[in-house]
Asks: 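I'd like to ask you about the structure that follows.
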Protein chains: 2
Amino acid sequence: MSETKEKIVSLADKLIRVKGFNAFSYKDISDPLQVKNAAIHYHFPTKSDLGMEVLDKELRSLEENSAKWKKLPEDEQLIKFCGVFRKHCNNGNVCLMGSLAPDYETLSPEMQQKVQQMAATILEWMTGCLEQGRKHKRFRFKGDAGDRALLVISNLQSSLLLSRVLGPSAFNRISRQLLEDLGA
Amino acid sequence: MSETKEKIVSLADKLIRVKGFNAFSYKDISDPLQVKNAAIHYHFPTKSDLGMEVLDKELRSLEENSAKWKKLPEDEQLIKFCGVFRKHCNNGNVCLMGSLAPDYETLSPEMQQKVQQMAATILEWMTGCLEQGRKHKRFRFKGDAGDRALLVISNLQSSLLLSRVLGPSAFNRISRQLLEDLGA
DNA sequence: AAAGTTACTTACTTAGTAGTAAGTAAACAA
DNA sequence: TTGTTTACTTACTACTAAGTAAGTAACTTT
């Protein structure tokens, strides 16, 4: 992958997280990288293709992280996961799901499918983490682990959105309660 | 207010909730209402003016509801509040905060301020509801009521976003746990 | 009856948007 | 050394966006 191509993808990632998929244009990428918009079309024929690459990169990063954390106790895995969100919060980003879910109806069918896949992958990982963590007495919670996983993801996602509006303290207040409620 | 003006506002509300503020255009409003785009500019000179009216309408509806529910027990007030979100979920809508927070950086300063005001208003109401509800033994939860209010709002907001991607069961799974966790 | 006001339409401008076709310079392969 | 591929640029198209100026028909006020 060429250097320019990588820069395009990571700038697109940032733009999706800061302005939203429909609010950024090729100019927002070509200007700072000092290339022409046709250079972006060379690497990604359509905007959807670019969006797909951003999503694929996120999915790869997810797999990478979960593999890296596999041996850690489940409560520490969850803290690492929260750490990713904390970092995004500090950078003024929202998560990809938080940015793309509101725009879902305007996305290409292939992007919609990929967003679904990403949601399923995150939910699967979180469910396993909570389930194993409860078995190993590192978490305390009632009910189905899948349901609880949905709640945790929902909170992390919203904490970034609300931090936009209410300031970064929102993230801290939400994530702290989240871990407390799980007895972590 | 003329009939057309009301129709413009409620269609804009719907479009913000379904496609997002930056993804809908005046054509999306003028075509179904069978007027020209200049008719929209007559009532709302700029897109920001239109967005402001949608936000003002939402704030009025919020005040209306909280006044209407004032005499109810707090757990029933919360269930009513969840009911508003359930209805949106069934209509394929997300909430205004969930739609506008990701686009926050692209909004006009006046819209940003109004979104902040809306967030503060909701948070204030929810904090009061939880605080009073705990005092009257209708809710059971630890910690600061304001923090817990943030958590509840965060969950309701995300439940609509995730329902887009994962289907409407996400809303039910999240809202059920929410009420259970409060002992409601 | 005259003058204004309301609620538009007609017709337009300006400034983008994603996307494309053809050309080019440099690196690489046969 | 020739041919091919890579990674672009130049220069463009077709379209859509928000926004505006001027005109008009109907209703309201004086």
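Throughout, a chain's letter reflects where its sequence line sits, starting with A, and its residues are numbered from 1.
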Asks: How would you list, by chain and number, every residue that makes a salt bridge (charged side-chain N to carboxylate O under 4.0 Å, His left out) with B:R176, sequence neighbours excluded?
Replies: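 Checked B:R176 against salt bridge (charged side-chain N to carboxylate O under 4.0 Å, His left out); matches are A:D147, B:E180.
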
Asks: Rounded to whole Å, please give me the gap between CD1 in A:I29 and P in C:dT17.
Replies: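 These atoms are roughly 11 Å apart.
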
Asks: Near DNA chain C, under 4.0 Å by heavy atom, which residues of residues 4-21 of chain A?
Replies: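 Under 4.0 Å from DNA chain C: no residue of residues 4-21 of chain A.
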
Asks: Kindly state each residue pair satisfying ring pair (Phe, Tyr, Trp, His ring centres under 6.0 Å) with at least one member in residues 5-33 of chain A, sequence neighbours excluded.
Replies: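 Qualifying pairs, neighbours excluded: A:F21-A:F24, A:Y26-A:H41.
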
Asks: I'd like a list of close polar pairs between nucleotides 4-6 of chain C and the protein, N/O only, cut-off under 3.5 Å.
Replies:
none

Asks: Holding to salt bridge (charged side-chain N to carboxylate O under 4.0 Å, His left out), I want the full list of residues that pass it with B:K114, two or more places apart in sequence or in another chain.
Replies: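 Result, salt bridge (charged side-chain N to carboxylate O under 4.0 Å, His left out) vs B:K114: B:D56.
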
Asks: Residues two or more places apart in sequence or in another chain: which of them pass ring pair (Phe, Tyr, Trp, His ring centres under 6.0 Å) with A:Y104?
Replies: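 Partners of A:Y104 by the ring pair (Phe, Tyr, Trp, His ring centres under 6.0 Å) criterion come out as none, since no residue qualifies.
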
Asks: Check side-chain contact (heavy atoms from CB on, under 4.5 Å) between B:I79 and all other residues, then give those that pass, not counting sequence neighbours.
Replies: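 Partners of B:I79 by the side-chain contact (heavy atoms from CB on, under 4.5 Å) criterion, ordered by chain and then number, come out as B:L179.
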
Asks: Sequence neighbours left out, what passes salt bridge (charged side-chain N to carboxylate O under 4.0 Å, His left out) with B:K19? Give chain and number order.
Replies: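 Counting only residues at least two positions away or on another chain, B:K19 forms a salt bridge (charged side-chain N to carboxylate O under 4.0 Å, His left out) with B:D28.
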
Asks: Closer than 4.0 Å, any side-chain N/O of A:H43 to the OP1 or OP2 of D:dC8?
Replies: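 A:H43 to D:dC8 OP1/OP2: side-chain N or O found under 4.0 Å.
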
Asks: Test: ring pair (Phe, Tyr, Trp, His ring centres under 6.0 Å). Region: residues 136-174 of chain B. Which pairs qualify, not counting sequence neighbours?
Replies: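 As it turns out, there is no ring pair (Phe, Tyr, Trp, His ring centres under 6.0 Å) pair with a partner in residues 136-174 of chain B once direct neighbours are skipped.
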
Asks: Taking the basic N atoms (NZ, or NE/NH1/NH2) and the acidic carboxylate oxygens, is any pair closer than 4.0 Å for A:D144 and A:R148?
Replies: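 No, no charged N to carboxylate O under 4.0 Å.
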
Asks: Expressed in angstrom and rounded to an integer, what is the separation of B:I40 atom CD1 from C:dT9 atom C1'?
Replies: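 To the nearest whole Å, that distance equals 13 Å.
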
Asks: Identify, with sequence neighbours excluded, every residue that meets salt bridge (charged side-chain N to carboxylate O under 4.0 Å, His left out) alongside A:K47.
Replies: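 So A:K47 forms no salt bridge (charged side-chain N to carboxylate O under 4.0 Å, His left out) with any residue.
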
Asks: Can you build the contact string for nucleotides 11-29 of chain D? Use B for base contact, S for sugar-phosphate-only contact, and - for no protein heavy atom under 4.0 Å.
Replies: ------SSBB---------

Asks: Could you note down all residue pairs passing salt bridge (Lys or Arg N to Asp or Glu O under 4.0 Å) where residues 65-86 of chain B supplies at least one of them, sequence neighbours left out?
Replies: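 Residue pairs passing salt bridge (Lys or Arg N to Asp or Glu O under 4.0 Å), neighbours aside: B:E74-B:R138.
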
Asks: Reckon B:S2 has a side-chain N or O less than 4.0 Å from the OP1 or OP2 of C:dC8?
Replies: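 Answer is yes, contact under 4.0 Å.
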
